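Note sheet for the following structure.
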Amino acid sequence: MYTRQDDIYQSPSEKARIANASGADYFVSFHRNSSPSPNQYSGVETLVYDDSGIKAAMARNVNARLEGVGFRNLGVKERPDLTVLRRTNMPAILIEAGFINTEQDNRLFDERFQDIAQAIADGIMDTIGRGQPAPGGVYRVQIGLYRNFSNAQYALNEALAQGYDGEIVYEDPFYAVQLGSFSTLDEAVQLENQLRQRGYDTLVIKK
C-alpha cells in the first residue's frame with residue numbers, strides 16, 4: 001500500500017496515520033538525500049528510530065543490497081525526531097537512496113533504477129524470510145480498506161467475479177477486503193503480483 005502515488009504534498013503525520021490505519025506489518029519510506037554543496041557526499045544510508053530490533057536488521061540488509069548495486073554504504077543512523085519513524089506503530093525505516101545533488105549517485109539512480117528497487121525489496125525479504133510458514137497464522141493479500149461496508153462489499157464482489165476467494169474483515173473502524181489464505185509468504189506474493197497486474201493496490205498481511 002502506498003501513502004501517495006501522485007506529486008502532491010503529504011505531511012509526515014498524514015503518512016504515519018495512513019500507515020497505522022492500513023494494518024501493515026512494516027513501514028518503508030523512500031527518499032533521496034541532499035547536502036549543502038553539490039558532490040559533497042555520496043552513498044546510501046537508512047534511518048531508524050533507534051538501532052534495535054527487526055527495523056535495524058532490515059535497514060542493514062537494505063543498505064547491503066544497495067551497496068551491491070554500486071552505492072557507497074554510509075550505514076544506519078538513529079533519527080528519533082522524524083515523525084514517520086516516531087509515530088508509526090510498526091517497525092519503520094527511511095531509505096536515503098543516494099544524494100540528489102551528487103552526479104555519481106544520480107547517474108547510478110538513472111541507469112539502475114530497477115536494480116535499486118529490486119535491491120530494496122531483496123533487503124526487506126532477507127529480513128522477514130522467504131517461503132517460511134507464518135507462525136500461528138496465514139498470509140493474505142489485502143486489496144482495500146474502507147470505512148463504508150458497502151464500498152468494501154463492492155470491492156469484494158468484483159474480486160469474486162474475477163475468480164478470487166476472499167472476505168471482508170472488520171478492523172475497527174475499517175472494513176478490510178482480504179483475498180487468499182496461504183501458509184507461506186511466497187504463495188501470497190504470487191497472488192499479490194497477479195492482482196497488481198490487474199491494477200489493484202495490494203498489501204500482504206499475516207493473520
Side-chain angles (χ1 to χ4, degrees), residues 1-31 49 53-55 58 62 82-95 114 117-118 120-121 123-125 127-207:
M1 179 178 290
Y2 297 96
T3 62
R4 65 173 180 174
Q5 292 179 273
D6 299 307
D7 188 15
I8 57 173
Y9 175 73
Q10 188 179 64
S11 72
S13 295
E14 179 67 3
K15 296 178 193 294
R17 186 198 66 77
I18 293 170
N20 291 337
S22 73
D25 292 316
Y26 304 96
F27 179 86
V28 181
S29 190
F30 303 92
H31 293 259
Y49 179 80
I54 195 169
K55 62 185 180 298
M58 184 179 291
V62 167
L82 295 182
T83 298
V84 295
L85 302 180
R86 186 178 73 251
R87 294 190 177 179
T88 41
N89 296 333
M90 68 288 292
I93 65 173
L94 189 154
I95 303 166
Q114 291 301 325
Q118 188 62 55
I120 293 171
I124 294 169
M125 295 302 292
T127 311
I128 65 177
R130 302 170 187 267
Q132 299 299 315
V138 296
Y139 291 104
R140 313 191 76 182
V141 182
Q142 186 166 294
I143 60 169
L145 199 63
Y146 305 91
R147 288 187 179 274
N148 188 295
F149 176 79
S150 62
N151 291 340
Q153 187 66 64
Y154 180 85
L156 176 63
N157 288 343
E158 193 173 57
L160 295 175
Q162 294 175 1
Y164 298 107
D165 294 323
E167 63 180 351
I168 296 172
V169 178
Y170 182 62
E171 298 178 345
D172 188 23
F174 298 102
Y175 296 93
V177 180
Q178 298 173 359
L179 306 182
S181 181
F182 306 99
S183 61
T184 68
L185 180 59
D186 282 354
E187 292 173 303
V189 169
Q190 288 179 20
L191 175 59
E192 181 185 35
N193 290 336
Q194 293 177 20
L195 291 165
R196 285 185 175 177
Q197 290 175 6
R198 289 178 176 264
Y200 285 98
D201 289 331
T202 62
L203 173 70
V204 174
I205 62 171
K206 186 175 71 175
K207 302 295 289 184

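In what follows, residues are counted from 1 in the order of the sequence shown. Everything numeric in this text was worked out from a predicted model, so none of it was measured.
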Side-chain donor/acceptor pairs under 3.5 Å, residues 87-94, sequence neighbours excluded:
from: R87; atom 1: NH1; to: S13; atom 2: OG; distance (Å): 3.1
from: T88; atom 1: OG1; to: V84; atom 2: O; distance (Å): 2.8
from: N89; atom 1: ND2; to: N20; atom 2: OD1; distance (Å): 3.4

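- The CG atom of L179 sits 10.0 Å away from the OG1 atom of T202 when rounded to the nearest 0.5 Å.
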Run I95 and V28 through side-chain contact (heavy atoms from CB on, under 4.5 Å) and show every step you take.
CA-CA 7 Å; I95 303 166; V28 181; 3.7 Å; yes

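- Between Y139 and E187, every side-chain heavy-atom pair lies at or beyond the 4.5 Å cut-off.
- Atom-to-atom distance recorded for I143:CD1 and L195:CG is 6.5 Å, nearest 0.5 angstrom.
- Put simply, CG on D201 and OG on S22 are 12.0 Å apart, with the number rounded to the nearest 0.5 Å.
- The closest side-chain heavy-atom distance from V138 to K206 is not below 4.5 Å.
- With rounding to the nearest 0.5 Å, the separation of CD1 in I128 from CD1 in I54 is 7.5 Å.
- Listed by chain and residue number, E14 satisfy the salt bridge (Lys or Arg N to Asp or Glu O under 4.0 Å) test with R17 (two or more places apart in sequence, or in another chain).
- Every side-chain contact (heavy atoms from CB on, under 4.5 Å) that V189 has, sequence neighbours left out, goes to L185, E192, N193.
- Atoms CD and CD, from E167 and Q178 in turn, are 6.5 Å apart once rounded to the nearest 0.5 Å.
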Please tabulate, for the side chains in residues 151-159, all donor-acceptor contacts under 3.5 angstrom to protein atoms that are two or more places apart in sequence or on a different chain.
from: Q153; atom 1: NE2; to: N157; atom 2: OD1; distance (Å): 3.0
from: N157; atom 1: ND2; to: Q153; atom 2: O; distance (Å): 3.3

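- Looking at residues two or more places apart in sequence or on another chain, you find no salt bridge (Lys or Arg N to Asp or Glu O under 4.0 Å) involving R4.
- Without hydrogens or angle criteria, D6 side chain to I8 main chain gives no donor-acceptor distance under 3.5 Å.
- For residues 156-177, the pairs satisfying ring pair (Phe, Tyr, Trp, His ring centres under 6.0 Å) are F149-Y175, Y170-Y175, with sequence neighbours left out.
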Determine whether Y200 and Q162 satisfy the following criterion, side-chain hydrogen bond (donor to acceptor under 3.5 Å, both in side chains), listing intermediate values before the conclusion.
CA-CA 12 Å; Y200 285 98; Q162 294 175 1; 3.2 Å; yes

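- Side chain of R140 to backbone of S181: no donor-acceptor contact under 3.5 angstrom is found.
- At least one side-chain heavy atom of M58 sits under 4.5 Å from a side-chain heavy atom of I124.
- Side-chain contact, T184 with D186: no donor N or O sits under 3.5 Å from an acceptor N or O.
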Determine whether R86 and Y49 satisfy the following criterion, side-chain contact (heavy atoms from CB on, under 4.5 Å), listing intermediate values before the conclusion.
CA-CA 6 Å; R86 186 178 73 251; Y49 179 80; 3.8 Å; yes

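- Residue L85 holds its CG atom at 7.5 Å from OG of S29, rounded to the nearest 0.5 Å.
- In this structure, G166 and L160 approach most closely via the heavy-atom pair N-CD2, 3.9 Å.
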Are I120 and F30 close enough, and set up right, to give a side-chain contact (heavy atoms from CB on, under 4.5 Å), and what steps lead you there?
CA-CA 10 Å; I120 293 171; F30 303 92; 3.8 Å; yes

